Amino acid sequence: MTPQPPENPDKDRRPAKPADGTGAPGQGAEGPAAGRWTDLERPPLNTRALRKALLRPGSLWSSLDVVTATGSTNTDLAARAAEGAPEGAVLVAEEQSAARGRLDRRWSAPPRSGLFFSFYLTPRVPAARWGWLPLLAGVATAAALSRTAGLDTALKWPNDLLLTVDGAERKAGGILAERAGEGVVIGIGLNVSLRADELPVPTAGSLTLAGARGTDRDPLLRAVLRSLEDWYGAWQAADGDPAACRLQETYAAGCATLGRTVRAELPGDTALLGEAVAIDGDGRLILATADGIQQPVAAGDIIHLRPTGEDTDNRRT
């Protein structure tokens, strides 16, 4: 989702509020009638049904909580990880007031208009391969949206989810991975039912605007978490080797950045212009520059350019 200015600082620091309104920590909405909500087109998630479907013996997912509102699910889950939360903990918010993207950008969305959740992983593969986790999350989410919503979701390296709205690429979601505890917290934000008049910027999008065949968030969340479990299991079984588990191949096939001229804005206020030609074994974007050098980019802001050299977006995301 496209970054937005921070909300009121006092509001940003408020603790997570359980979706059932009881004030008991870790409790969520137990059914469609739980909690207070007035938008009939945006019912709350059904925590009980989600837990029944996902928290089963042998599953990756160890817990699933839904809160009505919080500042950031990544921040909250990182705190739980520091206190010893097990792998597979999932935290979902119906609304976030201080959600963060890459480079500490902030964004917000109306309550229950999307999927805003984080999960905690403790990979048992070489740490040098952990950089593939946000790319894995992108592949898994795109696969789930294809099956469940009937949408072709493209991936913008390294962490954006793109949908086609009115013939144009629009950013409909983003992924943020952060080290926490003994592992990694990964957050995913996805615009589901945002209408055109609710978009933070004209270049944003949503499943609804892209013509999704279904926008019920419960089956969407189940599908994404199941897809994540499948891809994570395959990646771990391959000891994190992205080629052996076909993660590298699959990411490249769905990456809208490859084959395009891009500008990479790098740490230290430097920039690199070139054609994105590959994703290497470390998950880095390879740029072919005008002087014939193939330059790997491990981190940076990637701007898709038109043939004229202009940004394809009204603003960077």
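On a predicted model such as this, the values are computed, not experimentally measured, just so you know.
Within the 3.5 Å criterion, the main-chain N or O of P202 finds a donor-acceptor partner in the side chain of R170. Within the 3.5 Å criterion, the main-chain N or O of L176 finds no donor-acceptor partner in the side chain of N159. Checked by atom type and distance alone, the side chain of E94 pairs as donor or acceptor with a backbone atom of L45 at under 3.5 Å. Panel note: side chain R260, backbone L305; no donor-acceptor pair is recorded below 3.5 Å. When atom types are taken as modelled, the side chain of R179 and the backbone of V184 share no donor-acceptor pair closer than 3.5 angstrom. No donor-acceptor pair closer than 3.5 Å links the side chain of R129 to the backbone N or O of P242. Without hydrogens or angle criteria, S63 side chain to A89 main chain gives no donor-acceptor distance under 3.5 Å. Judged purely by atom type and a 3.5 angstrom limit, W235 uses its side chain to pair as donor or acceptor with the backbone of G240. In this structure, D218 contributes its side chain and N46 its backbone to a donor-acceptor pair below 3.5 Å.
Of the residues L287, L273, I303, the one that meets the side chain to side chain contact (heavy atoms under 4.5 Å, CB included) test with V262 is L287. L60 pairs with exactly one of L225, D230, L121, L228 by the side chain to side chain contact (heavy atoms under 4.5 Å, CB included) rule, that one being L121.
Within the 4.5 Å cutoff, the side chain of T68 has no heavy atoms near those of the E95 side chain. You'll find the side chain of D280 reaches within 4.5 Å of the side chain of R284, heavy atoms only. Taking the side chain as every heavy atom from C-beta outward, S62 and Y120 never approach each other to under 4.5 Å. Using a 4.5 Å heavy-atom threshold, the side chains of L258 and I279 count as touching. A 4.5 Å side-chain heavy-atom check between V66 and F117 finds every atom pair outside the cut-off. At least one side-chain heavy atom of L220 sits under 4.5 Å from a side-chain heavy atom of L207. No side-chain heavy atom of W132 sits under 4.5 Å from any side-chain heavy atom of V125. L194 has its side chain within reach of P200: a pair of non-hydrogen atoms, C-beta onward, lies under 4.5 Å apart.
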Q: Assess whether side-chain contact (heavy atoms from CB on, under 4.5 Å) is satisfied between L54 and V90, documenting all intermediate values.
A: CA-CA 10 Å; L54 295 164; V90 179; over 6 Å; no

Q: Please lay out, stage by stage, how R42 and S193 fare under the test side-chain contact (heavy atoms from CB on, under 4.5 Å).
A: CA-CA 8 Å; R42 291 173 175 161; S193 63; 2.8 Å; yes

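Nearest heavy-atom pair, L55 versus L64, reported as atom, atom and distance to 0.1 Å: CD1-N, 3.9 Å. Across all their heavy atoms, V185 and A180 have their closest contact at CG2-CB, 3.7 Å. Considering all non-hydrogen atoms of both residues, G58 and E229 come closest at O-OE2, 4.2 Å. When every heavy atom of W130 is checked against every heavy atom of E182, the shortest pair comes out as CH2-O, 3.7 Å. Of all heavy-atom pairs spanning L151 and A212, the tightest one is CD1-CB, 3.7 Å. The heavy-atom pair separating A234 from C245 by the smallest distance is O-CB, 3.6 Å.
To the nearest 0.5 Å, the span separating CG on L285 from CD on Q295 amounts to 10.5 Å. Atom OG1 of T164 and atom CD of E169 lie 6.0 Å apart (nearest 0.5 Å). Distance check, rounded to the nearest 0.5 Å: CZ of R80 to OG1 of T73 gives 10.0 Å. The distance from the CG atom of L161 to the CG atom of L155 is 6.5 Å, given to the nearest 0.5 Å. Here the CD atom belonging to E198 is positioned 9.5 Å from the OG1 atom belonging to T208, to the nearest 0.5 angstrom. How far CZ of R124 is from CG of D239: 11.5 Å, rounded to the nearest 0.5 Å.
Applying the side chain to side chain donor-acceptor pair (under 3.5 Å) criterion to T257, with sequence neighbours excluded, gives H304.
Grouping the Ile, Leu, Val, Met, Phe, Trp and Tyr side chains by contacts below 4.5 angstrom, directly or via other members, places L190 apart from L162. In the hydrophobic clustering of ILVMFWY residues, with side-chain heavy atoms under 4.5 Å counting as a link, L50 and V192 come out together.
One finds a salt bridge joining R51 and D65 here, because a Lys/Arg side-chain nitrogen approaches an Asp/Glu carboxylate oxygen to under 4.0 Å.
In this structure, D197 places its CG atom where more than 12 heavy-atom neighbours from other residues, nucleotides or ligands lie under 6.0 Å away. For R246, the CZ atom sits in a loose shell: 12 or fewer heavy atoms of surrounding residues, nucleotides or ligands are nearer than 6.0 Å.
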Please list every donor-acceptor pair under 3.5 Å in which a side-chain atom of residues 135-149 meets a protein atom from a residue at least two apart or in another chain.
unit_1 : atom_1 : unit_2 : atom_2 : d
T141   : OG1    : A137   : O      : 2.8
T148   : OG1    : A144   : O      : 3.0

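A centroid separation of 6.0 Å or more is found between the aromatic rings of W157 and Y251.
With no hydrogens or angles considered, no side-chain donor-acceptor pair links N74 and S72 at under 3.5 Å.
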